[in-house]
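Letters A, B, ... mirror the listed sequences (proteins, then strands); counts begin at 1.
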Amino acid sequence: MRIASWNVNSVKARIGHLVDWLKQAEPDVVCLQEIKCVDEAFPTAEVEALGYNVATHGQKSYNGVAILSKRPFEVMRGLPGDDADTQSRYIEAEIPTDSGAVRVASIYLPNGNPPLTDKYDYKLAWMDRLIAHAQGLLALEEPLVLAGDYNVIPTAKDVHNPAAWEGDALFLPRTRDKFRELLALGFTDAFRACDDREGQYTFWDYQAGAWQRNNGIRIDHLLLSPQAADKLQTCVIDKHVRTWEKPSDHVPIRIDLRA
DNA sequence: ATGACTGCCTCTGGCAGA
């Protein structure tokens, strides 16, 4: 079973790339972030034409997440823990397979910049809510994949120029501590379980030739419950998508799980 | 040294992104 995550930076601007990549990569499940549109505006027909079922949790202009799956699935929208939160950053699916259900979440964790503002407080509080929710999901003892744009650079190995990111909400010690707290619940970082090399990134800024210099960061992650980690075969970053014309600033990352 | 790009909805410039 192939499960992927991709921050498309507007699904309307990226529908051509999305269709081309779906045909190429042939994922069974896709978690999208930053669709930047309301549910009604999602290009559902184009994706359904490729054999996917679609569930969205969108909002106007900003944020927005979606899950595509070849198998039909049950869906839950929104991250529990704050009824006043209006930002669409979490959607979860329970997907039946021939060997039991797999639970997959598409996560768009808040950026949090600049620090020392309510934006950073929101990021940390959102991470606390994610930790609480993930704890409950782990208790189900199912194969579980928390996939998405975490806006967290886990370690100095995951950034081309660590000094440039010091003090940034993506790399601050408090941010990284909380990410470790999430991992320590019992999750496996799928990419690091498969590949310990430096210089492997999922995001490159549009500015200043960041892509050409491989001045990137690894912030898109697939976190696996023990039951999912047991099935992990490969984790691959589809870096070539960044060379396409008018790309997203993020590229897809995907895993293969044994049936 | 500085700024650098993209997308959105539109007060077509200001915000957000990371």
Side-chain angles (χ1 to χ4, degrees), chain A residues 5-18 21 31-43 56-66 85-90 106-127 130 147-179 191 199-221 237 239 241-253:
Chain A
S5 178
W6 189 11
N7 178 325
V8 290
N9 186 17
S10 168
V11 72
K12 284 187 275 182
R14 223 66 62 199
I15 183 59
H17 284 200
L18 178 59
W21 172 77
C31 297
L32 299 176
Q33 302 87 36
E34 280 208 90
I35 63 173
K36 290 189 172 180
C37 64
V38 293
D39 295 337
E40 306 73 54
F42 190 93
T56 59
H57 183 40
Q59 77 181 76
K60 195 180 174 185
S61 304
Y62 302 113
N63 309 318
V65 285
D85 187 358
T86 58
Q87 300 189 28
S88 298
R89 297 178 173 275
Y90 187 92
S106 180
I107 289 168
Y108 179 44
L109 206 146
N111 175 300
N113 278 305
L116 306 174
T117 64
D118 56 353
K119 291 193 174 186
Y120 191 60
D121 294 339
Y122 175 66
K123 177 177 192 150
L124 294 177
W126 205 93
M127 292 179 85
L130 180 60
D149 175 1
Y150 279 75
N151 274 312
V152 175
I153 303 166
T155 74
K157 202 165 158 180
D158 302 308
V159 48
H160 179 77
N161 181 6
W165 291 87
E166 250 179 61
D168 191 283
L170 279 66
F171 196 49
L172 279 173
R174 288 180 74 191
T175 304
R176 295 160 61 191
D177 283 350
K178 258 201 208 307
F179 185 73
F191 184 76
Q200 305 303 305
Y201 307 126
T202 63
F203 169 92
W204 298 261
D205 199 285
Y206 286 122
Q207 302 180 65
W211 164 250
Q212 287 75 10
R213 299 165 197 223
N214 196 29
N215 182 8
I217 51 180
R218 191 175 72 88
I219 57 174
D220 298 271
H221 309 297
I237 298 170
K239 189 176 178 178
V241 173
R242 193 64 168 74
T243 68
W244 294 354
E245 194 181 344
K246 288 245 161 206
S248 169
D249 38 11
H250 298 249
V251 295
I253 175 169

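Atom name P, nucleotides B:dC11 and B:dC5: the rounded distance is 26 Å, in whole Å. Look at the P atom in both B:dT6 and B:dA18: the space between them is 16 Å, to the nearest Å. Atom name P, nucleotides B:dT2 and B:dG13: the rounded distance is 26 Å, in whole Å. Separation of the P atoms belonging to B:dA4 and B:dC15 is 16 Å when rounded to the nearest angstrom. With both ends at atom P, the span from B:dG7 to B:dG3 equals 23 Å, rounded to whole Å.
Going from atom CD of A:Gln212 over to atom P of B:dC5 covers 11 Å, rounded to whole Å.
Using a 3.5 Å distance cut-off with no hydrogens or angles, the side chains of A:Asp85 and A:Tyr90 do not pair a donor with an acceptor. Under the 3.5 Å distance criterion, with hydrogens and angles disregarded, no donor-acceptor pair is assigned to the side chains of A:Thr117 and A:Tyr122. For the residue pair A:Thr56 and A:Asp39, a side-chain donor N or O sits within less than 3.5 Å of a side-chain acceptor on the partner.
Separation of atoms NE2 (A:His221) and CZ (A:Phe179) is listed at 4.5 Å; rounding is to 0.5 Å. Note that CG of A:Asn9 and CD1 of A:Ile35 are 12.5 Å apart. Values are rounded to the nearest 0.5 Å.
Summarising the geometry of A:His17 relative to A:Glu245, their closest heavy-atom pair is NE2-O, 2.8 Å, with the distance given to 0.1 Å. When all heavy atoms of A:Ser88 and A:His57 are compared, the pair lying nearest together is CB-O, 3.2 Å.
Annotated stems with DNA chain B as a participant read B:5-9 with B:13-17, given as range with range, by first number; only runs of 3 or more Watson-Crick or G-U pairs under 3.5 Å qualify.
Taking side-chain N and O atoms only, A:Arg14 has no distance below 4.0 Å to OP1 or OP2 of B:dT6. Between B:dC5 and A:Lys246, no contact under 4.0 Å exists linking OP1 or OP2 to a side-chain N or O.
Here A:Asp205 pairs with A:Phe203, A:Gln207, A:Ala210 under the side chain to side chain contact (heavy atoms under 4.5 Å, CB included) rule; sequence neighbours left out.
Separation of the A:Trp6 and A:Trp21 ring centroids falls under the 6.0 Å cut-off.
For B:dC11, the base is syn relative to its sugar; the glycosidic angle is within 90° of 0.
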Q | Per-nucleotide protein contact string for nucleotides 8-18 of chain B (B base, S sugar-phosphate only, - none; heavy atom under 4.0 Å) | A | SSS-----SBB

